[in-house]
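The figures that follow rest on heavy atoms only: side chains count, while hydrogens, waters and symmetry mates do not. Counting begins at 1 with the first residue of the sequence.
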Amino acid sequence: MHPTLQQDLTRFPLILDHTRRLAETFLAGLNERPVCPPAAAQQLKLGDDRLSAEGVGAQAALEHFWQHYADGLSASAGPRYFGFVTGGATPAALAGDWLVSVFDQNSLLSHDTVAAAIELAAIEQLKSLLGLPKTFSGSLVSGATMANFCGLAIGRQWLGAQRGINVAQQGVAALGAVQVLAANPHSSSEKALGMLGIGRDALVPIAPLPDSEAIDPDALARHLAAHPATPTIVLASAGTVNTTAFDNISRLLALRERYGFWLHVDAAFGGVAACSPAYAPLLEGWQQADSITVDAHKWLNVPYDSAIQFTRHLALQMQVFQNVSAYMEAPALRPDHYLHLTPENSRRFRALPLWMALKAYGRDGIRDMVERNILLAKQLGDGLTASEGFCLLAPVNLNVVCFALTGISGDAEAERDNFLARLDRHGIIRCTATHYQGQPAIRAALVNWMTEESDIALALDSLRACRFTAN
């Protein structure tokens, strides 16, 4: 064994203890850490792109990283990071994630590890939490992009099956042109269309309802009536990025009965609202969708990367993703054969952090996290409404606040960007830029389990302080 490897094997307990102490230091300073570190702190140090011959050993590598790069880490796991839709990591989920690397299980099949059984258990608990029926199967994937990819891939297979075509076997060209209909789809679905060979041009925008990002079911009905023979996938949004608008899934289901399309529901973060009786009606009908996307590394506060794809069409899923080989177990209609259910063959024990979080906090704990974030988002919206220089662009329906700057005399987009740059330098709160109904806008998304009223007060103070300052 190489001397450095031998040395690290001997010192393994010391290395783990050193790692734990660095983690404790990071977590203890999370509230004070800038949500967006200075650009200089994000630069690579001279020589760190070159591979040495001997190596320095684990402890020296840890120390080098901490000394030179710890300041370049953002507080994205903290309570005032409202950029994108970024969750944190609850203690149970973090503990599970640490152990995933220790255990190093390849959870592709069920015959040599308990990992597949834990994944199946996590999926069953999650279906119970979200009110989804047992007829759905589910698999852990890396994020909403791959969950949407899976749902659309199974939908593509279903469209072929309606026409006597096995797309996975014959190729997408055998199916011909497909139309994908949506009002405000997430960009990850467009990316998936490109990867699947359906093509981004297959996405046909359908008009939204007035003053909303939700699809207009009447406009959708008119388009379907005008194109009755075209293979069709409808992408429903259960929580749009800007305003958390929800498509009326019940109306879409009625149209599916008439026109026979595949209904995919992108509920990456909005789906978790189903755990709250107060907000579950927003998702009425999603129990009958053909496929669903839900992220765990958003509102469930499981560390990256973690998402779930659900479908009611397990046999079609296995047609798409089966991996046949002389040295692999043959596909069978069992929900724990994950090798045959997702694009990945090798896959880490991604289910353990989710299972740990659900086991640790249960239905009531997850519901508290969701409802508290929504309450705090509304408080943030109220505070902005009462503050000079800001206005809401849409009501705070859930956990995202969409707002804009007022009193602008020049270029609205440039002033918005300058404001966000000042906010980043202030380091208290992280928001992101967007556009809403053609207007430069700003988003604040609240999904962190630690966010409290005091964080909203600090956030509002920072927003107000940065609004009219020049620095």
(request) Over 60° means perpendicular and under 30° means parallel, so classify the ring planes of W158 and W262, tilted if in between. (result) tilted
(message) I'd like to check L159 versus F261 (side-chain heavy atoms, cut-off strictly below 4.5 Å). Are they in contact?
(response) no
(request) Identify whether the distance between the nearest side-chain nitrogen and carboxylate oxygen of E119 and R347 falls below 4.0 Å. (result) yes
(message) Whether the side chain of S139 engages the backbone of T342 through a donor-acceptor N/O pair (distance < 3.5 Å, no angle test) should be reported.
(response) no
(request) Quick one: sort the H227 and H223 rings into parallel, tilted or perpendicular, breaks at 30° and 60°. (result) parallel
(message) If I compare all heavy atoms of Q288 with all of R312, which pair ends up nearest, and what's the gap?
(response) O-NH2, 3.3 Å
(request) Provide the full list of salt bridge (Lys or Arg N to Asp or Glu O under 4.0 Å) pairs with a residue in residues 241-252, sequence neighbours left out, each pair given once. (result) D218-R251
(message) Checking Q317 against T311: is there a side-chain donor and acceptor pair closer than 3.5 Å?
(response) no
(message) Looking at E452, is its backbone amide N or carbonyl O close enough to the side chain of D455 to form a donor-acceptor pair, meaning the two atoms are under 3.5 Å apart?
(response) yes
(request) Keeping the roles fixed (side chain from N301, backbone from G87), state whether a donor-acceptor pair exists under 3.5 Å. (result) no
(request) Please answer whether the main-chain N or O of M318 pairs with a side-chain N or O of H340 as donor and acceptor at a distance below 3.5 Å. (result) no
(request) Taking the side chain as every heavy atom from C-beta outward, state whether R156 and V178 have any pair of such atoms under 4.5 Å apart. (result) no
(request) Check whether the side chains of D290 and H264 place a donor and an acceptor atom closer than 3.5 Å, and report yes or no. (result) no
(request) Output yes when a side-chain donor or acceptor of R416 lies under 3.5 Å from a complementary backbone atom of T434, and no otherwise. (result) yes
(message) Minimum heavy-atom separation for L255 and P217, please, with both atom names.
(response) CD1-O, 3.7 Å
(request) Could you check whether the rings of F321 and F149 sit parallel, tilted or perpendicular, using 30° and 60° as the cut-offs? (result) tilted
(request) Check whether any side-chain heavy atom of V204 sits under 4.5 Å from a side-chain heavy atom of V180, and report yes or no. (result) no
May I have the list of side-chain donor-acceptor pairs in residues 229-237 shorter than 3.5 Å, sequence neighbours left out?
{"unit_1": "T232", "atom_1": "OG1", "unit_2": "Q179", "atom_2": "NE2", "d": "2.7"}
{"unit_1": "T232", "atom_1": "OG1", "unit_2": "T230", "atom_2": "O", "d": "2.7"}
{"unit_1": "S237", "atom_1": "OG", "unit_2": "N184", "atom_2": "O", "d": "3.2"}

(message) Under a plain distance cut-off of 3.5 Å, with no hydrogens placed, do Q309 and N148 share a side-chain donor-acceptor pair?
(response) no
(request) Classify the ring geometry between F349 and F103 as parallel (under 30°), tilted (30 to 60°) or perpendicular (over 60°). (result) tilted
(message) So which atom in A93 and which in V302 form the shortest heavy-atom distance, rounded to 0.1 Å?
(response) CB-CA, 4.0 Å
(request) Compare every heavy atom of A307 with every heavy atom of D295, then report the nearest pair and how far apart it is. (result) OD1-CB, 2.9 Å
(message) Applying ring-ring contact (aromatic ring centres under 6.0 Å, His included), can you list everything that pairs with H186, at least two apart in sequence or on another chain?
(response) none
(message) For a quick check under 3.5 Å, do H435 and E413 share a side-chain donor-acceptor pair by atom type?
(response) yes
(message) Donor-acceptor check, side chain of R372 to backbone of W449, threshold 3.5 angstrom: yes or no?
(response) yes
(message) If we ignore hydrogens and angles and just use 3.5 Å, is the side chain of D266 paired with the main-chain N or O of S189 as donor and acceptor?
(response) no
(request) Run the numbers on L196 and V172 for side-chain contact (heavy atoms from CB on, under 4.5 Å), then give the verdict. (result) CA-CA 8 Å; L196 287 164; V172 71; over 6 Å; no
(request) Spell out, as yes or no, whether a donor-acceptor pair under 3.5 Å connects the side chain of R363 to the backbone of S128. (result) yes
